[in-house]
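Computed over heavy atoms, backbone and side chain alike; hydrogens, waters and symmetry mates excluded. Note that the structure is a prediction, hence the values are computed from the model and not measured.
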Amino acid sequence: TKHVETLDQSGGANLSESTHVGEKGGPAVTQAANNATSTVLQDGDVQIAVLNQAIGANSSASTIDQSQDRNNANVQQSAANNTSTVTQDGQDGDVDIAQTANGNTSTVTQTAAADFAIVDVLQSGSNNTSTITQTGDDVSADVDQAANNGTSTITQAGDNQIAILNQSSGNGSDSTIDQSQNDNNANVQQSAANNTSTVTQDGEDGDVDIAQSGSGNTSTATQTAVADFAVVDVLQSGNNNTSTITQTGDFVSADVDQAANNGTSTITQAGDYQIAILNQSSGNNSESTISQTQDDNNANVQQSAANNTSTVTQDGEDGDVDVVQSGPSNTSTVTQTGPSDFAIAGVTQSGNNNASTVTQTADGSTTTHLQTGNRNTATTDQFAFTSTSTVNQDGNDNQATVLQGVGSTDQTSTITQDGNRNVATVDSQGINAGGPLNDNANISTITQSGNDNQASVNQDTGGAIHTLTHSGNRNISIADQG
């Protein structure tokens, strides 16, 4: 049995207590300032505890409790009012804490099952708080807080977990990481003031990367117990942005990039093999919501102007949605529900005050809206199999509405408008979107190139074909094939 202890106290009101039970244990304690308190209790083999409270370490307090084998704890406190508490009840744990500023608090707990756990905490700013709890095997936590008033909480209960947190330049930031299953990885980087990050991983093999370089941002990532192999990547470089991601499916991926200010992003993935990509890079006050509740859906939303709103709902399988809004104050709503398998919807809006709404509930539906201009509105509502609707509007004050009936197949509607104040309406190719069954091969094509044109088509019988072309001004054409 070998015990080695070195104690040096040169200030007033210092207190150090050391208790050794086992082999090769031995703390080295140096307290060079006033009001420092150090307590070391070791019960195991080959344990090492090194504690240094020096250079004006007034009112510092450190407690190290090691009750198993081969644990190592090293605490360096060189400023006033620091508190560090380390408890290791497992084997081969390693804790390294360095606090060099005022008012820091660090608490590390590694329980009996936390084998091969490593904790490294560095706090060099004032009033920082870091709390780490590890109860699994082969886990690692790395916390670096170099700014003032930061708060970090890491809880790991599974095996082979990794959590890395860095709050290096910004006051008032707060980060919480909770991992309760196996093989999860969380990396949070916050470099500006007043950011908040919350990561919860209750599944297995999850990966979360969050980087917030702007101020006042909030990020929440939740991977539930059934969310295995889920990936989250959040980058918020603007100010006052909010990102919320919830994943309950397997093999899902969510990517959020918000570089503007006051943006809001919400992604919910409840099915398997989902992909959601959201980019709000150069426009303030934009909002995007993506909801995926079935399997094998893909949603890509790009908003590069201010005051845009995008809502994507995918409740079918194998759906694909691409929304690009490069003009200000655009609104896009895409809904793929029910049995709408293999549905594809694409919306591109580059003008002002555009609105595009797509609803697909049948298999094989395809909708494409391209709008370039101001105050355009395109609405496609498809309740039929193999329906295709394409609307292309290039001008001002255009409006196109397409409804295609329930249970109808092989329906196609194409509307192209190039001019001002055009109105084109195709009334479902089945009355009121409830057309007859088996009304196959209905086709309606409207092309308007001029001003003040209006076209309306209503087809409710099978095999109807309608083609309308206007190249002049103030033309009105109404066709009813019933």
Side-chain angles (χ1 to χ4, degrees), residues 218 220 222 234 236 241-249 252-258 260 262-271 274-281 283-294 296-338 340 343-362 365-371 375-383 389 391 393 399-403:
T218 301
T220 303
T222 303
V234 176
Q236 295 187 141
N241 291 310
T242 300
S243 173
T244 303
I245 298 175
T246 303
Q247 296 174 322
T248 60
V252 295
S253 176
D255 190 339
V256 175
D257 186 354
Q258 295 187 134
N262 303 313
T264 301
S265 170
T266 302
I267 297 177
T268 303
Q269 296 174 317
Q274 311 276 23
I275 297 176
I277 299 174
L278 192 151
N279 189 340
Q280 297 180 150
S281 58
N284 298 330
N285 304 312
S286 291
E287 180 178 355
S288 179
T289 302
I290 298 175
S291 177
Q292 298 172 324
T293 58
Q294 295 296 326
D296 300 295
N297 288 309
N298 183 18
N300 188 345
V301 177
Q302 304 290 324
Q303 296 187 144
S304 58
N307 301 311
N308 287 319
T309 301
S310 173
T311 303
V312 176
T313 302
Q314 294 176 314
D315 195 20
E317 295 183 355
D318 300 284
D320 194 345
V321 174
D322 285 285
V323 177
V324 177
Q325 297 186 140
S326 58
S329 302
N330 292 317
T331 300
S332 175
T333 302
V334 178
T335 303
Q336 296 173 332
T337 62
S340 58
I344 298 175
V347 177
T348 301
Q349 296 174 327
S350 61
N352 298 323
N353 302 317
N354 292 318
S356 177
T357 301
V358 177
T359 302
Q360 296 174 327
T361 61
S365 296
T366 300
T367 299
T368 301
H369 291 178
L370 298 175
Q371 294 178 329
R375 290 169 295 277
N376 293 319
T377 300
T379 301
T380 298
D381 197 347
Q382 293 178 331
F383 297 92
S389 173
V391 176
Q393 294 177 329
Q399 178 178 349
T401 301
V402 177
L403 296 175

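- When each of Thr367, Thr337, Thr335 is paired with Gln360, the side chain to side chain contact (heavy atoms under 4.5 Å, CB included) condition holds for Thr367 and for no other.
- Note that the CG atom of Asn308 and the CD atom of Gln302 stand 12.0 Å from one another [nearest 0.5 Å].
- For the side chain to side chain contact (heavy atoms under 4.5 Å, CB included) with Gln314, the qualifying choice from Thr293, Val334, Asp296, Asn297 is Asn297, the only one to do so.
- Taken to the nearest 0.5 Å, the CD atom of Gln336 stands 10.5 Å off from the CG atom of Asp318.
- Ser326 places no side-chain N or O within donor-acceptor distance of the main-chain N or O of Ala305, the cut-off being under 3.5 Å.
- When atom types are taken as modelled, the side chain of Gln269 and the backbone of Ser253 share a donor-acceptor pair closer than 3.5 angstrom.
- Remark: Gln371 CD to Asn353 CG distance equals 11.5 Å, nearest 0.5 Å.
- Here Asp322 contributes atom CG and Asn300 contributes atom CG; the two are 5.0 Å apart, rounded to the nearest 0.5 Å.
- Note that the CD1 atom of Ile267 and the CG atom of Leu278 stand 5.5 Å from one another [nearest 0.5 Å].
- A distance of 9.5 Å separates OG1 of Thr222 from CD1 of Ile245, quoted to the nearest 0.5 Å.
- With hydrogens and angles ignored, the 3.5 Å screen pairs no side-chain donor or acceptor of Asn376 with any backbone N or O of Asn354.
- In this structure, Asn241 contributes its side chain and Ala260 its backbone to a donor-acceptor pair below 3.5 Å.
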